[in-house]
Amino acid sequence: MLSGEVYYPSEEVIKNANVKNWDELNERAVKDYEGFWEEMAKELHWFEKWQKVLDDSDKPFYKWFTGAKTNIVYNCLDRHVKTFRRNKLALIWEGEDGQLRTMSYFALHREVCKFANVLKSMGVEKGDRVTIYMGRIPEIVIAMLAAARIGAIHSVVYGGFSVESLAERIEDSNSKVLITADGAFQRGKIVPLKQIADEALQRCGTVEHVLVVKRTDQEINMESGRDLWYHELMNLPIATQNCALEIMDAEDPLFILYTSGTTGKPKAILHTHGGYMVGVYTTLKFVFDIKEEDRYWCAADPGWITGHSYIVYGPLLNGTTSFMYEGAPNFPYPNRWWQMIEKYGINILYTAPTAIRGLMRFGESWVKRHDLSSLRLLGSVGEPINPEAWKWYYRVVGNEKCPIMDTWWQTETGMFMITPMPCVPLKPGSGSRPFPGIQMDILDEDGNPVKPNEEGYLVIKTPWPAMLRTVYKDPERYVNQYWSKYPGYYMTGDSARRDEDGYYWIIGRVDDVIKVSGYRLGTAEIESALVSHPAVAEAAAIGLPHEVKGNAIYTYVILKNGYEKSTALIEELRKHVAHEVGPIAKPESIEFVDSLPKTRSGKIMRRVLKARALGEDPGNISTMED
Ligand code: PRX
């Protein structure tokens, strides 16, 4: 018997699940870890087989499926169009304005090939970086796959980021081509993507061509010679639907994705064609129990890792039908999501606790007016889910028959790491145990495993196929950030507990990362945006608990001489952060202060600010300057 509050799967769920016995699968994976992943890899297509499943001769620069040749796009598209799946829907898309588009595997393959030819005609070659900055529209998927098809490395920048974030990411990745849209619909308004991109391009000089998808149709600036319309390019004779696929080495880069870390600038996490493909394919199939007839909806944004792995690559690798929705969950009314689940007969819904908490506030009557009986599985990701939200999701949305897959993972891990499967007993708030075969632990400061239920640092002890390979252009940072605190172990940056049943409970980040509504932001990004305003001398940002967002950003600002404290200035500074980083980074509050707590070496002690704000004891402050 398991301790605490436990939700056991029904016999029906177990009978129909892809994995019926978790312990058996885990035993198999532990006994022969490489053999397990090799077996999974064999379900996909390779142009040449690997010599080695795992090469650990140069730790921590692990390699997977060395010597193998593949291309993830072949397995996402080409493989399926040779079968009955050519006519199956790959994508069902609904715009915020109600517009509906569908695309079969055949159609998606065609559009990807056409756009790949367009990219080639712009001089994009294997290994080149291409930045993609768009809303949630089918073209973001087409752009990512087209780049990968010809061996280019995509770098998607979330459409909610703004000028400085975009400029910095374009510059760091040295992209020659930017793919964007005129705008994106969000809560009835237009996010002026092209206008933001124009401003960003004034700050960085690498981009030669901007390819623009028409979505919102407002007047935009098109710079002659540089900016080109997507729909016009796709109608040119060069955009044929035959496009040779680049045969990639398993270890060739597939994409980089910028994420926030402990200090300084966002870093580009690098993922590859081979191992990443095997990891996301397998985890989605087992955890979300993918069946041929499913309609699956991951409500994240393609611009984050959740979207890369489980909107774009995972579902297509599994040949499933994905649903994508462009806009806000409560637009025009709080029943929008439930209405679409009913309308399209969605079977699997994967979202974030913040969305659940947000929709929960409107009350269950909005959910209950719709028939959600098509749902058989639910999922959660991005931050710890509080038991109250878990139970609401389970009872009201899942009608007490849909297991909730609370998946813990990161941009860096590429795939689910701690996760249940439908056959696993659930405890609300816990993602249960590591994926079969993966060894994790919780350590104290000195590297000793902590006792059950004690808090410590969460580490991963086994390499896994979808692991990041490095920080792009900065291998040193890769080693220092992830592998140096406890040599040989991957440091997640999270703290956690493990109960007597071996279930993991994530507590939160232990570094300078703030998860706001599940989005990952660094204190440094927010602070440098504040300091870039002429009135600000110094700034500090911290995350404090928030009922819906999980965490909200609180900031402390020292003004330069000659600037007056005022509510107007607070508003101006909040807007400035939104303009530089993005609306998600807009501080909840800005407090003017005369000094900030610092160590003698000048580092801001955010923990002291946090303790003060929460009315808690700041702990050891012996390193604080006078
Ligand atoms: O703190 C953990 C939290 O999100 C962090 C990773 O953020 P990111 O790279 O943006 O990826 C998010 C989507 C995979 C983790 O270090 N986190 C993610 N999933 C969970 C979670 N915290 C608790 N429970 C989860 N299920």
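Atoms within each ligand, like the ligands themselves, are counted from 1 in listed order.
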Is there a donor-acceptor contact under 3.5 Å from the side chain of Ser165 to the main chain of Gly582? no

Look at atom CD of Glu476 and say whether more than 12 heavy atoms of other residues, nucleotides or ligands are closer to it than 6.0 Å. no

For the residue pair Arg169 and Phe161, would you count it as a cation-pi contact if the rule is NZ or CZ under 6.0 angstrom from the ring centre and within 45 degrees of the ring axis? yes

Using a 4.0 Å cut-off on heavy atoms, what residues surround ligand 1? Order them by chain and number. Ile305, Thr306, Val381, Gly382, Glu383, Pro384, Asp406, Thr407, Trp408, Trp409, Gln410, Thr411, Asp494, Ile506, Arg509, Lys515, Arg520

Taking only residues at least two apart or on different chains, which pairs with a member in residues 312-326 satisfy salt bridge (charged side-chain N to carboxylate O under 4.0 Å, His left out)? Arg215-Glu326

Under the rule for salt bridge (charged side-chain N to carboxylate O under 4.0 Å, His left out), what residues qualify as partners of Arg129, not counting sequence neighbours? none

Scan residues 406-430 for pairs that pass salt bridge (charged side-chain N to carboxylate O under 4.0 Å, His left out), counting only residues two or more places apart or in two chains. Glu412-Arg520, Lys427-Asp499, Lys427-Asp501

